Peer 1: 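Here it is, the structure, as structure tokens.
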Protein chains: 2
Amino acid sequence: MRRYKIDSQGKRARVVKAARRLFVEKGYHSVTIPDIVAASGVSTGAIYNYFANKESLARYIHERTLADFQEMFEQRLESRSSTCEKLRAFAELVFDLAESEPDMMEYLLFMRHCEFMQNAAPICFTEPFQLIRQIVAEGIEKGEVKPGDFFISAVSYTGAILRPVELRFRCVLEKPLHDIAEELIANAWAAIKA
Amino acid sequence: MRRYKIDSQGKRARVVKAARRLFVEKGYHSVTIPDIVAASGVSTGAIYNYFANKESLARYIHERTLADFQEMFEQRLESRSSTCEKLRAFAELVFDLAESEPDMMEYLLFMRHCEFMQNAAPICFTEPFQLIRQIVAEGIEKGEVKPGDFFISAVSYTGAILRPVELRFRCVLEKPLHDIAEELIANAWAAIKA
DNA sequence: GTCTATAGCCCGATAGAC
DNA sequence: GTCTATCGGGCTATAGAC
């Protein structure tokens with residue numbers, strides 16, 4: 001009852017890892033199959049054994065990356081009850097991933113999936129960001145977030161958190177995110193708290 | 001004493017306009033010369049008469065777009081004295097441009113210039129964003145912005161302003177930016193005010 | 001399953017007429 | 001200055017041996 005395509009030497013995973021790194025760095029269209037071959041050490045023929053074509057490889061990477069992020073976010077939310085703490089969980093996850101899984105975080109921040117999927121939803125419409133908006137909406141009901149449009153408050157918060165991560169990757173911010181995390185989280189919360 | 005290449009019918013400008021739109025939409029590498037020919041109504045030969053190659057067209061567009069933004073920003077700063085008002089000038093410029101010059105604003109937000117210029121400075125290192133940081137630093141000195149690292153406060157503010165613009169372009173935000181501008185500016189200022 | 005070699009296609013840039 | 005037609009290069013995806 002096993003999958004019909006066995007990946008005995010983890011080649012599939014190596015291709016995925018190398019390709020995501022390259023896609024983020026150079027953009028989907030700039031990455032050639034020979035590039036992926038060189039970076040992963042897996043041959044052209046083997047790549048086409050695991051993926052129908054370059055586009056379906058990109059789609060697979062996209063889905064996996066989003067699903068992994070969503071799972072991590074939900075896991076960290078379990079122990080948090082107040083709105084402030086839940087939003088902090090998002091910020092901390094993002095800051096942690098920027099250090100421990102930079103490929104994943106850069107993908108989420110910078111990847112243009114429209115280069116290979118014409119009519120896919122923007123990332124900010126996907127589950128994790130829907131969840132953020134829901135948390136903010138509940139925060140307004142509970143009186144923890146200032147009254148107003150929950151959408152606007154959610155955007156103000158995530159903007160104040162995600163922009164520093166972008167600038168850290170672009171080497172504009174010199175200090176590691178962990179050193180300035182508390183100040184960033186405080187600023188973001190000050191923008192929307194009741 | 002005139003330029004040696006005359007552009008009698010504004011073809012050069014039409015190429016620039018069409019190419020910037022296409023570059024933002026599809027990314028540098030996805031845009032082909034035939035695409036630009038179709039979108040601008042200018043022939044291949046004429047395009048190569050005005051620009052040495054595709055890359056130098058992209059560089060020209062990049063420089064012009066940044067310089068235009070910087071000029072507009074400086075102009076709007078002239079009448080503002082307090083830190084809050086200066087930062088508001090930035091926010092209002094960005095919101096206005098998103099409506100009146102969406103191509104320009106999308107270019108500034110989304111364009112990956114590293115696709116055609118390998119070692120160019122990130123946009124956030126360029127003059128307009130240096131200026132923002134300077135304004136915030138002065139605001140801290142004057143006691144208008146809370147004490148701390150001016151870099152962090154500048155990033156928190158611009159993040160809370162630019163993210164909504166991104167989401168508006170991605171059609172995640174349904175309301176026009178002008179309708180929610182005051183709330184966004186208030187949130188961003190709340191994040192960093194003294 | 002995995003490899004190498006290559007077919008077939010499309011793009012950027014140019015040549016040469018007007 | 002502007003056009004159309006085309007060349008050479010480099011890409012994706014496949015063929016066929018192992």
Side-chain angles (χ1 to χ4, degrees), chain A residues 1-62 111-118, chain B residues 1-62 111-118:
Chain A
M1 211 57 168
R2 52 185 193 174
R3 306 278 296 179
Y4 56 93
K5 282 177 181 172
I6 306 299
D7 179 17
S8 50
Q9 296 149 63
K11 293 196 180 188
R12 189 188 171 99
R14 271 156 60 206
V15 169
V16 166
K17 195 173 166 59
R20 184 169 68 178
R21 171 80 257 141
L22 288 167
F23 284 153
V24 166
E25 262 173 25
K26 317 207 304 172
Y28 176 74
H29 290 285
S30 297
V31 177
T32 68
I33 301 295
D35 287 342
I36 301 174
V37 170
S40 67
V42 178
S43 71
T44 312
I47 291 174
Y48 278 95
N49 183 46
Y50 290 112
F51 300 96
N53 50 41
K54 186 176 156 187
E55 185 185 315
S56 93
L57 166 60
R59 284 173 185 271
Y60 177 82
I61 290 171
H62 187 76
M111 192 61 198
R112 306 179 157 215
H113 50 289
C114 49
E115 282 185 359
F116 53 92
M117 297 187 297
Q118 275 63 28
Chain B
M1 210 59 167
R2 54 184 193 175
R3 308 278 296 179
Y4 57 92
K5 282 177 180 171
I6 306 300
D7 179 16
S8 50
Q9 296 149 63
K11 294 195 178 187
R12 187 188 174 99
R14 270 156 59 206
V15 169
V16 166
K17 195 173 166 60
R20 184 168 68 179
R21 171 82 257 140
L22 287 167
F23 284 152
V24 166
E25 262 173 24
K26 317 208 301 173
Y28 176 75
H29 291 286
S30 298
V31 177
T32 67
I33 301 295
D35 286 342
I36 300 174
V37 170
S40 67
V42 178
S43 72
T44 310
I47 291 174
Y48 280 95
N49 182 44
Y50 289 111
F51 301 96
N53 49 40
K54 188 177 157 186
E55 185 184 316
S56 93
L57 166 61
R59 284 172 186 271
Y60 178 83
I61 290 171
H62 187 76
M111 192 62 198
R112 306 179 158 215
H113 49 291
C114 48
E115 282 185 359
F116 53 92
M117 296 187 298
Q118 276 63 27

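Per chain, numbering begins at 1; letters A, B, ... match sequence-line order. Note that the coordinates shown come from a computational prediction; the quantities given were computed from them, not determined experimentally.
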Peer 1: Could you work out which one of dT2(D), dT2(C), dA13(D) sits closest to the side chain of Ala46(A)?
Peer 2: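 The answer is dT2(C), which lies nearest to the side chain.
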Peer 1: What's the separation between atom CZ in Arg12(A) and atom CZ in Arg14(A), rounded to the nearest 0.5 Å?
Peer 2: 14.0 Å
Peer 1: Test side-chain contact (heavy atoms from CB on, under 4.5 Å) on Phe51(A) and Ile61(A) and set out the steps.
Peer 2: CA-CA 11 Å; Phe51(A) 300 96; Ile61(A) 290 171; over 6 Å; no
Peer 1: Can you tell me how far P of dA5(D) sits from CD1 of Ile47(B), to the nearest Å?
Peer 2: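 It is 17 Å, rounded to the nearest whole Å.
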Peer 1: Mind calculating the distance between CG (Asn53(B)) and P (dA13(C)) to the nearest angstrom?
Peer 2: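 About 5 Å, once rounded to whole Å.
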Peer 1: Is Lys11(B) close enough to dC3(D) that one of its side-chain N or O atoms is under 4.0 Å from OP1 or OP2 there?
Peer 2: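 For Lys11(B), the contact criterion (side-chain N or O under 4.0 Å from OP1 or OP2 of dC3(D)) is met.
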Peer 1: Just how far, in rounded Å, is P of dT2(D) from CZ of Arg12(B)?
Peer 2: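 To the nearest whole Å, that distance equals 12 Å.
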Peer 1: Can you measure Glu55(B) atom CD to dG12(C) atom P for me and round it to whole angstrom units?
Peer 2: 13 Å
Peer 1: With sequence neighbours excluded, tell me which residues meet ring-ring contact (aromatic ring centres under 6.0 Å, His included) with Tyr28(B).
Peer 2: Phe23(B), Phe116(B)
Peer 1: Nearest whole angstrom, please: distance from the P of dG12(C) to the CZ of Phe116(B).
Peer 2: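 Going from Phe116(B) (CZ) to dG12(C) (P), I get 15 Å.
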Peer 1: Which ones in residues 17-42 of chain B lie close to DNA chain C, meaning a heavy atom under 4.0 Å from one of its atoms?
Peer 2: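 Heavy-atom contacts with DNA chain C come from Val31(B), Thr32(B), Ile33(B), Pro34(B).
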Peer 1: Would you say that Tyr50(A) contacts Val15(A) through its side chain, given a criterion of any heavy-atom pair below 4.5 Å between the two side chains?
Peer 2: no
Peer 1: Ignoring backbone atoms, establish whether Tyr48(B) has a side-chain N or O less than 4.0 Å from OP1 or OP2 of dC3(D).
Peer 2: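 Looking at the OP1 and OP2 atoms of dC3(D), neither is under 4.0 Å from any side-chain N or O of Tyr48(B).
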Peer 1: Side-chain contact, heavy-atom cut-off 4.5 Å: His62(A) with Met111(A)?
Peer 2: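 Not in contact.
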Peer 1: Roughly, in whole Å, what's the span from CG in Asn49(A) to C1' in dT12(D)?
Peer 2: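 For the pair Asn49(A) CG and dT12(D) C1', the rounded distance is 17 Å.
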Peer 1: With the side chain counted from C-beta on, respond yes when Lys26(B) and Asp35(B) share a heavy-atom pair under 4.5 Å apart, and no when they do not.
Peer 2: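 The answer is yes, as the side chains (C-beta and beyond) meet within the 4.5 Å cut-off.
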